Engineer: 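Handing you this structure, nothing more for now.
Owing to the predicted nature of the structure, the values given are computational and were not obtained by experimental measurement.
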Amino acid sequence: QVQPVESGGGLVQPGGSLTLSCKATRFTLDYYAIGWFRQAPGKGREGVACINSKDDTTDYADSSVKGRFTISRDKAKNMVYLRIDSLKPEDAAVYYCAVDSVVARAQCVTHLGVYNYWGRGTQVSVSS
């Protein structure tokens, strides 16, 4: 059973930074695109960022996260990260990482439907 595990969430003041981590045991993340998603209370789950498997190129969902969110991969550690800078109250949500259903997709996407395996999420709260 593929089960990515997120960590690194917490309570951060507006303007602060946080780095979330995604790992998987007994499964190599390198072969798959990995996506980060978030779900705020009362809202649907939305894509945030993704990273390709072959060349680690990235994509970000929209202008609300571009420039503040950075997705990266450490293949030696079998980890994927999401760094969030300049946190805003509207960034508060449960953040999930997910594994693409296709091996080595040519270009990752931030659409929920292509991801098969999901972690249980890590809570990010933003408050002064």
Side-chain angles (χ1 to χ4, degrees):
Q1 179 72 23
V2 178
Q3 179 70 68
V5 178
E6 306 91 340
S7 62
L11 175 61
V12 184
Q13 292 185 342
S17 297
L18 204 61
T19 298
L20 307 180
S21 301
C22 174
K23 69 175 182 179
T25 56
R26 297 188 299 275
F27 181 80
T28 302
L29 296 177
D30 296 357
Y31 303 143
Y32 296 87
I34 305 298
W36 279 98
F37 299 82
R38 65 183 179 184
Q39 186 166 15
K43 295 187 177 181
R45 193 170 299 187
E46 62 177 1
V48 172
C50 65
I51 186 166
N52 280 343
S53 61
K54 286 187 175 180
D55 56 11
D56 288 349
T57 54
T58 60
D59 192 24
Y60 297 89
D62 55 41
S63 59
S64 69
V65 302
K66 285 180 181 177
R68 296 192 302 119
F69 286 46
T70 305
I71 187 171
S72 62
R73 185 195 294 269
D74 186 330
K75 293 185 176 181
K77 295 183 178 180
N78 200 30
M79 299 278 286
V80 175
Y81 305 98
L82 181 70
R83 178 174 173 84
I84 310 172
D85 294 313
S86 303
L87 273 154
K88 303 177 180 180
E90 53 264 40
D91 294 323
V94 178
Y95 283 73
Y96 301 88
C97 70
V99 181
D100 198 334
S101 59
V102 174
V103 175
R105 186 183 297 275
Q107 175 60 54
C108 71
V109 295
T110 54
H111 186 272
L112 280 72
V114 306
Y115 292 88
N116 261 3
Y117 304 106
W118 293 80
R120 296 183 178 181
T122 185
Q123 176 72 51
V124 173
S125 300
V126 184
S127 175
S128 55

Engineer: Hey, what do you get for SG (C97) to CD1 (I51), rounding to the nearest 0.5 Å?
Structural biologist: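 Going from SG on C97 over to CD1 on I51, the span is 12.5 Å.
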Engineer: Restricting to non-hydrogen atoms, name the atom on R68 and the atom on S86 that form the minimum distance, rounded to 0.1 Å.
Structural biologist: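 Smallest interatomic distance, heavy atoms only, reads NH1-O, 3.0 Å.
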Engineer: Sort and list the pairs that fulfil salt bridge (charged side-chain N to carboxylate O under 4.0 Å, His left out) and have at least one residue in residues 104-116, not counting sequence neighbours.
Structural biologist: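 Every salt bridge (charged side-chain N to carboxylate O under 4.0 Å, His left out) pair that includes a residue of residues 104-116, provided the two are not neighbours, is D100-R105.
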Engineer: Compare every heavy atom of S127 with every heavy atom of P14, then report the nearest pair and how far apart it is.
Structural biologist: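 Shortest heavy-atom separation between P14 and S127 comes out as CD-C, 3.6 Å.
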Engineer: Holding to side-chain hydrogen bond (donor to acceptor under 3.5 Å, both in side chains), I want the full list of residues that pass it with Q123, two or more places apart in sequence or in another chain.
Structural biologist: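 Not a single residue meets the side-chain hydrogen bond (donor to acceptor under 3.5 Å, both in side chains) criterion with Q123.
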Engineer: Applying salt bridge (charged side-chain N to carboxylate O under 4.0 Å, His left out), which residue pairs with at least one partner in residues 4-18 are found, sequence neighbours left out?
Structural biologist: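 Not a single pair qualifies under salt bridge (charged side-chain N to carboxylate O under 4.0 Å, His left out).
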Engineer: For V114, is there any backbone N or O sitting under 3.5 Å from a side-chain donor or acceptor partner on S101?
Structural biologist: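 Pair found, side chain donor or acceptor close to backbone of V114.
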Engineer: Restricting to non-hydrogen atoms, name the atom on V99 and the atom on P4 that form the minimum distance, rounded to 0.1 Å.
Structural biologist: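 V99 and P4 have their closest heavy atoms at CG2-CG, 4.2 Å.
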Engineer: Taking side-chain hydrogen bond (donor to acceptor under 3.5 Å, both in side chains) as the test, write out the residues that go with S64, two or more places apart.
Structural biologist: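 With neighbours one apart ignored, the set is D62.
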Engineer: Linking directly or through intermediates, with side-chain heavy atoms under 4.5 Å: list the remaining ILVMFWY members grouped with V5, chain and number order.
Structural biologist: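 Reading the cluster by chain and number, V5 sits alone, since nothing else belongs.
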Engineer: If you compare all heavy atoms of C22 against all heavy atoms of W36, which two are closest, and at what distance to 0.1 Å?
Structural biologist: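 Here C22 and W36 meet closest at CB-CZ2, 3.6 Å.
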Engineer: Can you name the nearest heavy-atom pair linking C108 to A33, along with the distance?
Structural biologist: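 Smallest interatomic distance, heavy atoms only, reads CB-CB, 3.7 Å.
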Engineer: So, do L20 and I84 sit near enough that their side-chain heavy atoms are less than 4.5 Å apart?
Structural biologist: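 Counting from C-beta outward, L20 and I84 do come under 4.5 Å.
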Engineer: Would you say L11 and V94 are hydrophobically clustered, going by side-chain heavy atoms of ILVMFWY under 4.5 Å?
Structural biologist: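 No; tracing contacts between hydrophobic side chains, which count when under 4.5 Å, never links both residues.
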Engineer: Return the set of residues passing ring-ring contact (aromatic ring centres under 6.0 Å, His included) with F27 (not counting sequence neighbours), or none when no residue passes.
Structural biologist: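 So F27 forms a ring-ring contact (aromatic ring centres under 6.0 Å, His included) with Y32.
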Engineer: If a pair satisfies ring pair (Phe, Tyr, Trp, His ring centres under 6.0 Å) and one of its residues is in residues 53-75, list it, with sequence neighbours excluded.
Structural biologist: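 For residues 53-75, and leaving out neighbouring residues, there are no ring pair (Phe, Tyr, Trp, His ring centres under 6.0 Å) pairs at all.
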Engineer: Quick check on the hydrophobic clustering: are L29 and Y117 connected, directly or via other members, by side-chain heavy-atom contacts under 4.5 Å?
Structural biologist: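 Per the 4.5 Å side-chain linkage, L29 and Y117 are co-clustered.
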Engineer: Looking only at non-hydrogen atoms, find the nearest pair between G47 and A61 and report the distance.
Structural biologist: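 That closest heavy-atom pairing would be O-CB, 3.1 Å.
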Engineer: If Ile, Leu, Val, Met, Phe, Trp and Tyr residues are connected whenever their side-chain heavy atoms lie under 4.5 Å apart, and connections chain through other members, are Y96 and L82 in the same group?
Structural biologist: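 No; L82 is not reachable from Y96 via cluster members.
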Engineer: Taking only residues two or more places apart in sequence or in another chain, which ones pass side chain to side chain contact (heavy atoms under 4.5 Å, CB included) with V12?
Structural biologist: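 V12 satisfies side chain to side chain contact (heavy atoms under 4.5 Å, CB included) with L18, L87 only.
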Engineer: Taking atom types as modelled, find out whether T57 and D55 have a side-chain donor-acceptor pair closer than 3.5 angstrom.
Structural biologist: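 Result is yes, a qualifying pair exists.
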Engineer: Would a single hydrophobic cluster contain both W118 and V124, if residues Ile, Leu, Val, Met, Phe, Trp and Tyr are joined by side-chain heavy-atom contacts under 4.5 Å?
Structural biologist: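 Different hydrophobic clusters.
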Engineer: With sequence neighbours left out, write down each residue that passes ring-ring contact (aromatic ring centres under 6.0 Å, His included) with Y115, or none if nothing qualifies.
Structural biologist: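 Y115 satisfies ring-ring contact (aromatic ring centres under 6.0 Å, His included) with F37 once adjacent residues are dropped.
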Engineer: Rounded to the nearest 0.5 Å, how far apart are OG of S125 and CG of D91?
Structural biologist: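 Nearest 0.5 Å value for the OG-CG distance: 11.5 Å.
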Engineer: May I have all residue pairs that pass salt bridge (charged side-chain N to carboxylate O under 4.0 Å, His left out) and include part of residues 106-123, sequence neighbours excluded?
Structural biologist: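 Salt bridge (charged side-chain N to carboxylate O under 4.0 Å, His left out) check on residues 106-123 returns no pairs.
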Engineer: Which residue is it: T110, V80, T58? I am looking for the one with a side-chain contact (heavy atoms from CB on, under 4.5 Å) to C50.
Structural biologist: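 Of all the options given, the one that passes is T110.
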Engineer: Of all residues at least two apart in sequence or in a different chain, which pass the side-chain hydrogen bond (donor to acceptor under 3.5 Å, both in side chains) check with E46?
Structural biologist: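 Scan of E46 (side-chain hydrogen bond (donor to acceptor under 3.5 Å, both in side chains), adjacent residues dropped) gives R38.
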Engineer: What side-chain hydrogen bond (donor to acceptor under 3.5 Å, both in side chains) pairs are there with at least one residue in residues 70-81, not counting sequence neighbours?
Structural biologist: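 Qualifying pairs: D56-R73.
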